[in-house]
Amino acid sequence: MEFEAVVKARRSVRNFSSADVPDDLVRSLIDCAIRAPSSMNGQPWYFIKIRSGETKRRLAEIKDKYCPPEKREFPASFLMDAPVIVITCVDRSMAYDRGMESGILATGHLLLAAANHGLTGVYLSAYKIGTPEVADDIRKILNLPADVDPVTIVPIGYPGDTAEPKTLKHVEDVIFNETFCRK
Ligand SMILES: Cc1cc2nc3c(=O)[nH]c(=O)nc-3n(C[C@H](O)[C@H](O)[C@H](O)COP(=O)(O)O)c2cc1C
């Protein structure tokens, strides 16, 4: 697909068709993710592919357990229906104190690469500032060492639905020339 068309087509769809996403396709998405910018070119990332139903269930349980009431619009149970989940993690020893930023950028690449193949991916955080238990619980089920931080959880699959149209801000409303001036 043409790049702008991919960017404009990307949406989060939380139900998936029964079609599988084979390993070689996941590999090609991750091959795009590793091309993201990273602090000092540290490339601190690891990507963990999850296909086990039990691991998907435990991830959903952790996400729901720590989800505050005002964010309960999207329960995490849909994670269990995704053919594959990719967890982006970062190794602090290669992250130059910017692990989260680098991991999030790699996730952005992953989401766009998925959209380019007609797949949907949904961004979920794998950590919560001020609540280290979220990352710790995820670390335990993925066997991550203490110096490797989980950053995002991205269920990926072919959409089983079309996304509701999204109201976008007008681009003119978010552009300023030289200085900020509330509109
Ligand atoms: C930082 C961040 C956290 C998010 N957390 C969740 C989440 O916990 N659960 C979920 O279902 N979607 C989550 N999303 C996805 C957003 O809900 C989604 O991107 C947004 O509603 C816009 O829809 P779109 O992706 O279809 O454009 C998150 C997205 C971002 C960027």
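Counting begins at 1 with the first residue of the sequence. Worth saying up front: this structure is predicted, and the values here are computed from it rather than measured. Remember, it's 1-based here, ligands and their atoms both numbered in the order they're listed.
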Inset, instruction - Pull out every atom of ligand 1 sitting under 4.0 Å from any heavy atom of R11, numbered as shown with elements. - result: 24 (P), 26 (O), 27 (O)

Legend entry - Atom indices of ligand 1 within 4.0 angstrom of F78 heavy atoms, with elements: 11 (O)

Inset, instruction - Compare every heavy atom of A76 with every heavy atom of K63, then report the nearest pair and how far apart it is. - result: CB-CB, 3.6 Å

Legend entry - Residue portion contacting ligand 1 (non-hydrogen atoms closer than 4.0 Å) for K71: neither

Legend entry - Which residue and heavy atom of the protein sit nearest atom 7 (C) of ligand 1, plus the separation: L124 CG, 3.7 Å

Legend entry - Between S102 and S38: side-chain donor-acceptor atoms closer than 3.5 Å: no

Legend entry - I153, I48, V151 screened by side-chain contact (heavy atoms from CB on, under 4.5 Å) with I138, the one that passes: I153

Legend entry - D149 bridged to R139 by N-O distance under 4.0 Å: yes

Inset, instruction - Could you list the atoms of ligand 1 found under 4.0 angstrom from a heavy atom of V122? - result: 11 (O), 12 (N)

Legend entry - Closest approach of any protein heavy atom to atom 31 (C) of ligand 1, naming residue and atom: Y123 CD2, 4.0 Å

Legend entry - Carboxylate-amine/guanidinium proximity below 4.0 Å for R51 and D20: yes

Legend entry - Nearest-option assignment for atom 18 (C) of ligand 1, heavy atoms, candidates G121, S12, C67: S12

Inset, instruction - Report yes if some heavy atom in the side chain of V26 is under 4.5 Å from a heavy atom in the side chain of I30; otherwise report no. - result: yes

Legend entry - Contact (N/O only, under 3.5 Å) between R14 and ligand 1: yes

Inset, instruction - Run the salt-bridge test on R58 and E61 with the 4.0 Å N-O cut-off and return the result as yes or no. - result: no

Legend entry - Identity and distance of the protein heavy atom lying nearest atom 22 (C) of ligand 1: K166 NZ, 3.9 Å

Inset, instruction - Pick one of side chain, backbone, both or neither for how V13 approaches ligand 1, counting any non-hydrogen atom pair under 4.0 Å. - result: neither

Between side-chain atoms of residues 120-128 and protein atoms elsewhere (two or more places apart, or another chain), which donor-acceptor pairs fall under 3.5 Å?
from : atom 1 : to  : atom 2 : distance (Å)
T120 : OG1    : R11 : O      : 2.7
T120 : OG1    : V13 : N      : 2.9
K128 : NZ     : Y66 : O      : 3.0

Inset, instruction - Check whether any protein heavy atom sits under 4.0 Å from atom 16 (C) of ligand 1. - result: yes

Inset, instruction - Go through ligand 1 atom by atom and flag the ones less than 4.0 Å from a non-hydrogen atom of F74. - result: 11 (O), 17 (O)

